[in-house]
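Single-structure report; data block below.
All figures in this text were calculated on a predicted structure; none of them were measured in a lab. All ligand and atom numbering here is 1-based and tracks the order in the structure.
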Amino acid sequence: MPNVKNWQLGRDMSYPFEERHPKWQFAFVFNTNRCIGCQTCTMSCRSTWTFSKGQEMMWWNNVESKPYGGYPLNWDARLLGMLEAANPGGQVWNDKGKFDGLTIFEAAKKRTAGPGGQQAPGGQQALGYLPTDDEMRSPNTWEDTPTGGKFKREGQYGDSVQLPEHKIWFFHLARICNHCTYPGCLASCPRKAIYKRPEDGIVLIDQKRCRGYRKCVEGCPYKKAYYRPTTRTSEKCVGCFPRVEGKDKTISPTGAPAETRCMSACVGKIRLQGLVEIAKDGTWVTAPENPLAFLVREREVALPLYPQFGTEPNGFYIPPRWVPRDYLVQMFGPGVQKAIDQYSCPDRELLAVMQLFRASRQVIFRFAIEKGPKVAEVEVTMPDGSSKTQEIYNDTVLGFNKADEEVVRITVEEPTFERAADAHVNSI
Ligand code: SF4
Ligand code: SF4
């Protein structure tokens with residue numbers, strides 16, 4: 001297997017194909033602190049792409065309640081267990097932030113390697129499993145179910161719900177296909193029916209080439225590829241590519257990229273989609289004025305989901321502040337505490353950028369900040385118990401689309417409007 005660079009692991013890794021990178025990469029940031037589990041995103045995707053016969057078990061967008069929920073049931077615990085079995089005690093990050101364990105590609109190679117260390121014919125390219133119909137029957141089992149059996153009942157919840165870590169907790173994890181840099185689905189397909197678009201990195205299944213072997217369902221560690229029995233092919237999230245191509249002129253008359261349906265519909269304003277520019281060697285072009293690049297690479301406040309799987313997912317999450325850190329480190333890697341520290345007491349620039357979540361249906365390629373007056377000082381208790389003063393400025397943040405047209409202008413303080421006493425426009 002060739003060696004490829006994986007910045008999320010802090011090292012190179014084995015992958016079945018040579019590196020080749022798109023010019024732009026579809027990416028997104030979800031703020032788990034804000035998700036209310038309303039499933040509006042889920043239903044907006046469903047009513048757009050997966051309402052037909054044979055698609056009943058397809059939830060290209062799903063929102064699961066962690067730690068117990070998952071679609072398919074226990075998808076992540078199951079794969080983490082398989083990786084642990086392949087490399088007992090070795091699935092760890094070292095203190096420099098490098099992953100010393102095995103990815104799904106390396107674990108598969110180890111399991112099926114022939115005598116010369118070569119991949120055995122017919123062996124798995126990515127460690128994975130095929131979920132059963134039972135595991136896929138209910139998309140939201142364990143909804144809103146907290147964990148924490150050891151909390152004291154006296155005085156009901158007492159100190160069980162105090163930051164930095166609640167003793168009783170759950171959180172909503174919204175998920176779509178991560179349009180990975182090194183997709184497990186693509187690596188596993190014996191028909192080479194899966195491809196990554198050079199213009200935006202969206203991963204698609206060619207329906208004419210697919211023969212429904214379900215190897216992608218097995219090889220996607222996030223279980224975001226699905227089999228459709230009525231067509232005997234597999235299908236997956238298409239990243240709403242017509243919108244990303246700027247085909248919806250009602251959103252942008254000049255044909256600038258629009259956000260996907262699930263992003264646009266998000267009630268909790270937890271989602272920000274973007275396109276990030278990728279250099280020929282696969283690194284992100286330095287662009288601190290791009291909100292995605294700012295949150296992910298510049299500030300590292302948003303982290304990849306299970307980076308240790310090795311697919312270099314392009315979905316990033318601001319971790320939930322109240323959840324035990326060891327659980328979060330397992331899910332998002334070693335940057336959890338740094339991300340939570342920044343999010344707990346955002347500085348002026350970060351607070352301004354955070355206003356861009358769901359402020360426009362167009363993809364924002366650049367932001368700018370116009371400085372405003374200081375409006376408040378707030379004492380914040382940090383996760384380590386120390387105290388910090390947060391200065392809040394009523395800055396105005398501007399967002400620009402791909403054509404560099406201004407598409408959003410929003411202030412940090414939400415403006416209030418008072419209706420004139422004699423205006424009753426809503427009266428019927
Ligand atoms: S999340 Fe799964 S289906 Fe999506 S690109 Fe990655 S491996 Fe493929
Ligand atoms: S629409 Fe937004 S807030 Fe509601 S469940 Fe989906 S991601 Fe969460």
Discussion item. Please list the nearest protein heavy atom to atom 4 (Fe) of ligand 1 with its residue and the distance rounded to 0.1 Å.
Written reply: Cys177 SG, 2.3 Å
Discussion item. Please determine whether a side-chain nitrogen of the Lys or Arg among Arg197 and Glu245 lies less than 4.0 Å from a carboxylate oxygen of the Asp or Glu.
Written reply: yes
Worksheet item: Does a side-chain N-to-carboxylate-O contact under 4.0 Å join Glu218 and Lys215?
Response: yes
Practice prompt. Could you note down all residue pairs passing salt bridge (charged side-chain N to carboxylate O under 4.0 Å, His left out) where residues 224-241 supplies at least one of them, sequence neighbours left out?
Written response: Arg228-Glu235
Practice prompt. Do me a favour and list the nearest non-hydrogen protein atom to atom 6 (Fe) of ligand 1 with residue, atom name and distance?
Written response: Cys180 SG, 2.4 Å
Worksheet entry | Distance from atom 7 (S) of ligand 1 to nearest protein heavy atom, with residue and atom | Gly184 N, 3.3 Å
Response to the item:
Near Tyr222 (heavy-atom distance under 4.0 Å), the atoms of ligand 1 are 1 (S)
Discussion item. Any salt bridge linking Asp395 with Arg348? Criterion: basic side-chain nitrogen under 4.0 Å from a carboxylate oxygen.
Written reply: yes
Practice prompt. Provide, to 0.1 Å, the distance between atom 8 (Fe) of ligand 1 and the closest protein heavy atom, together with that atom's residue and name.
Written response: Cys185 SG, 2.3 Å
Worksheet, complete the sentence: In this structure, atom 1 (S) of ligand 1 is nearest to the protein heavy atom Asn178 N, 3.4 Å
Practice prompt. Decide whether Gln25 and Lys196 meet the rule of one side-chain donor and one side-chain acceptor closer than 3.5 Å.
Written response: yes
Worksheet item: More than 12 heavy atoms of other residues, nucleotides or ligands under 6.0 Å from CH2 of Trp284: is that the case?
Response: yes
Discussion item. Is the shortest side-chain heavy-atom distance between Leu356 and Phe367 below 4.5 Å?
Written reply: yes
Practice prompt. Could you check if a side-chain atom of Tyr393 sits within less than 4.5 angstrom of a side-chain atom of Leu351, using non-hydrogen atoms only?
Written response: no
Fill in: Pair Thr42-Asn61, side-chain donor/acceptor within less than 3.5 Å
yes
Discussion item. Tell me the protein heavy atom at minimum distance from atom 3 (S) of ligand 1, and give that distance in Å.
Written reply: Lys236 CE, 3.4 Å
Worksheet, complete the sentence: closest protein heavy atom to atom 2 (Fe) of ligand 1 is Cys220 SG, 2.2 Å
Fill in: Distance-only side-chain donor-acceptor flag, Tyr343 / Asn31, under 3.5 Å
yes
Practice prompt. For atom 6 (Fe) of ligand 2, count the protein N, O or S atoms found under 2.8 Å away.
Written response: 1
